[in-house]
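A short write-up of the structure that comes next.
None of these values were measured; they are calculated from a predicted model.
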Amino acid sequence: MSKQDTIKLTLGQIVFGGVVGLISGGVCLLLFEGVIWRRLIGESVTHGFWVGLLLLISLGLTYGVMIAGASEAVRFVSRKFGAEIPFKPVFSGALLGPPAIVGLQALLDVPWEIFGAPNVLLAVLLPVLKVMAFVVSLPMRVWLLHLQWPIEIWYILAVPIGAILGYRLPAAKREPRAETV
């Protein structure tokens, strides 16, 4: 595959995966909120445990449908370019995309003073960690602080990007162990 086709494939997977993930998650969210929570459950369930359990189920199913939809969209685009990719690494990567964005957000405002008076080890490591956190979170800093675009776009794009990384980054190959008798 040429470099131009690879770029088209990647951009197509990101755009189509993001759109399908957003639509499938939105439909599932509207289904749960509009039909199940308002019409079926309504005010009949008021106990904290049951509300929490039903909320956990609805959020989990919505997240799962969104991840599965985006993963299948990424696989669909790759099939159009003549490449068949397995579902498991795509789904695994897509599943870990949004938590990675949460981690990047956490790096934006780390309260470095919580480490207290630095001992010798912290005096050496803290400046290095500060620089690493700044560099890693730099794209998000530019996005949020300078461009002032909404953070939700990162979450939408994180799913297909995670899916792409899930199947493109090769899994560590383990060498078979010699069995002892």
Side-chain angles (χ1 to χ4, degrees), residues 1-36 53-108 132-179:
M1 188 179 293
S2 71
K3 192 172 216 164
Q4 188 177 13
D5 285 344
T6 305
I7 292 171
K8 286 179 186 177
L9 170 67
T10 303
L11 289 176
Q13 286 174 328
I14 291 172
V15 170
F16 193 60
V19 168
V20 169
L22 181 64
I23 290 171
S24 62
V27 166
C28 196
L29 180 68
L30 289 175
L31 175 76
F32 273 108
E33 185 180 341
V35 175
I36 295 175
L53 181 64
L54 292 172
L55 184 62
L56 179 67
I57 291 169
S58 62
L59 285 175
L61 286 174
T62 302
Y63 186 65
V65 165
M66 180 192 65
I67 297 296
S71 298
E72 279 302 319
V74 167
R75 292 182 70 220
F76 176 79
V77 172
S78 68
R79 272 187 244 120
K80 293 298 179 188
F81 279 82
E84 183 65 37
I85 54 177
F87 182 74
K88 185 177 178 180
V90 173
F91 188 82
S92 298
L95 193 65
L96 295 176
I101 297 301
V102 172
L104 283 175
Q105 273 186 296
L107 288 177
L108 290 176
M132 285 176 50
F134 181 78
V135 169
V136 168
S137 65
L138 193 58
M140 190 167 285
R141 286 180 192 278
V142 170
W143 183 276
L144 293 174
L145 302 176
H146 298 297
L147 298 177
Q148 296 183 354
W149 289 352
I151 189 70
E152 289 81 10
I153 295 173
W154 275 85
Y155 286 106
I156 294 168
L157 295 177
V159 175
I161 290 173
I164 292 167
L165 290 175
Y167 81 85
R168 287 206 181 156
L169 294 178
K173 295 186 179 186
R174 300 180 194 164
E175 293 188 27
R177 294 183 192 177
E179 294 183 26

Show which side-chain atoms of residues 13-23 pair as donor or acceptor with protein atoms under 3.5 Å away, not counting sequence neighbours.
from: Gln13; atom 1: OE1; to: Tyr167; atom 2: OH; distance (Å): 3.2
from: Gln13; atom 1: NE2; to: Val74; atom 2: O; distance (Å): 3.4
from: Gln13; atom 1: NE2; to: Tyr167; atom 2: OH; distance (Å): 3.0

Side-chain donor-acceptor contacts of residues 53-60 below 3.5 Å, not counting sequence neighbours, with atom names and distances?
from: Ser58; atom 1: OG; to: Leu54; atom 2: O; distance (Å): 3.2
from: Ser58; atom 1: OG; to: Leu55; atom 2: O; distance (Å): 2.9

Donor-acceptor pairs under 3.5 Å, side chain of residues 63-73 to any protein atom, not counting sequence neighbours: which ones?
from: Tyr63; atom 1: OH; to: Leu95; atom 2: O; distance (Å): 2.8
from: Ser71; atom 1: OG; to: Ile67; atom 2: O; distance (Å): 2.8
from: Glu72; atom 1: OE2; to: Arg75; atom 2: NH1; distance (Å): 3.0

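The ring pair (Phe, Tyr, Trp, His ring centres under 6.0 Å) test applied to Phe32 returns no partner, not counting sequence neighbours. Listed by chain and residue number, nothing satisfies the side chain to side chain donor-acceptor pair (under 3.5 Å) test with Thr62 (two or more places apart in sequence, or in another chain). Listed by chain and residue number, nothing satisfies the side chain to side chain donor-acceptor pair (under 3.5 Å) test with Ser92 (two or more places apart in sequence, or in another chain). Residues satisfying the ring pair (Phe, Tyr, Trp, His ring centres under 6.0 Å) criterion with Phe134, sequence neighbours excluded, are absent altogether. Under the side chain to side chain contact (heavy atoms under 4.5 Å, CB included) criterion, Met132 pairs with Val128, not counting sequence neighbours.
Among residue pairs with one or both ends in residues 12-33, those qualifying as salt bridge (Lys or Arg N to Asp or Glu O under 4.0 Å) are Glu33-Arg38; sequence neighbours excluded. Residues in residues 10-28 take part in no salt bridge (Lys or Arg N to Asp or Glu O under 4.0 Å) pair, two or more places apart or across chains. Applying the side chain to side chain donor-acceptor pair (under 3.5 Å) test to pairs two or more places apart or on separate chains, none has a residue in residues 157-166.
Considering all non-hydrogen atoms of both residues, Asp5 and Phe81 come closest at O-CE2, 3.8 Å.
Sparse packing is recorded around CZ of Phe76, with 12 or fewer heavy atoms of other residues, nucleotides or ligands lying under 6.0 Å away.
Atom CD of Gln4 is separated from atom CD1 of Ile7 by 7.5 Å, given to the nearest 0.5 angstrom. Note that CD1 of Ile151 is 6.5 Å distant from CD1 of Ile101, once rounded to the nearest 0.5 Å. The line from CG of Leu9 to CD1 of Ile164 is 7.0 Å long, rounded to the nearest 0.5 Å.
Looking at heavy atoms from C-beta onward, Arg168 lies out of side-chain contact with Ile85 at the 4.5 angstrom threshold.
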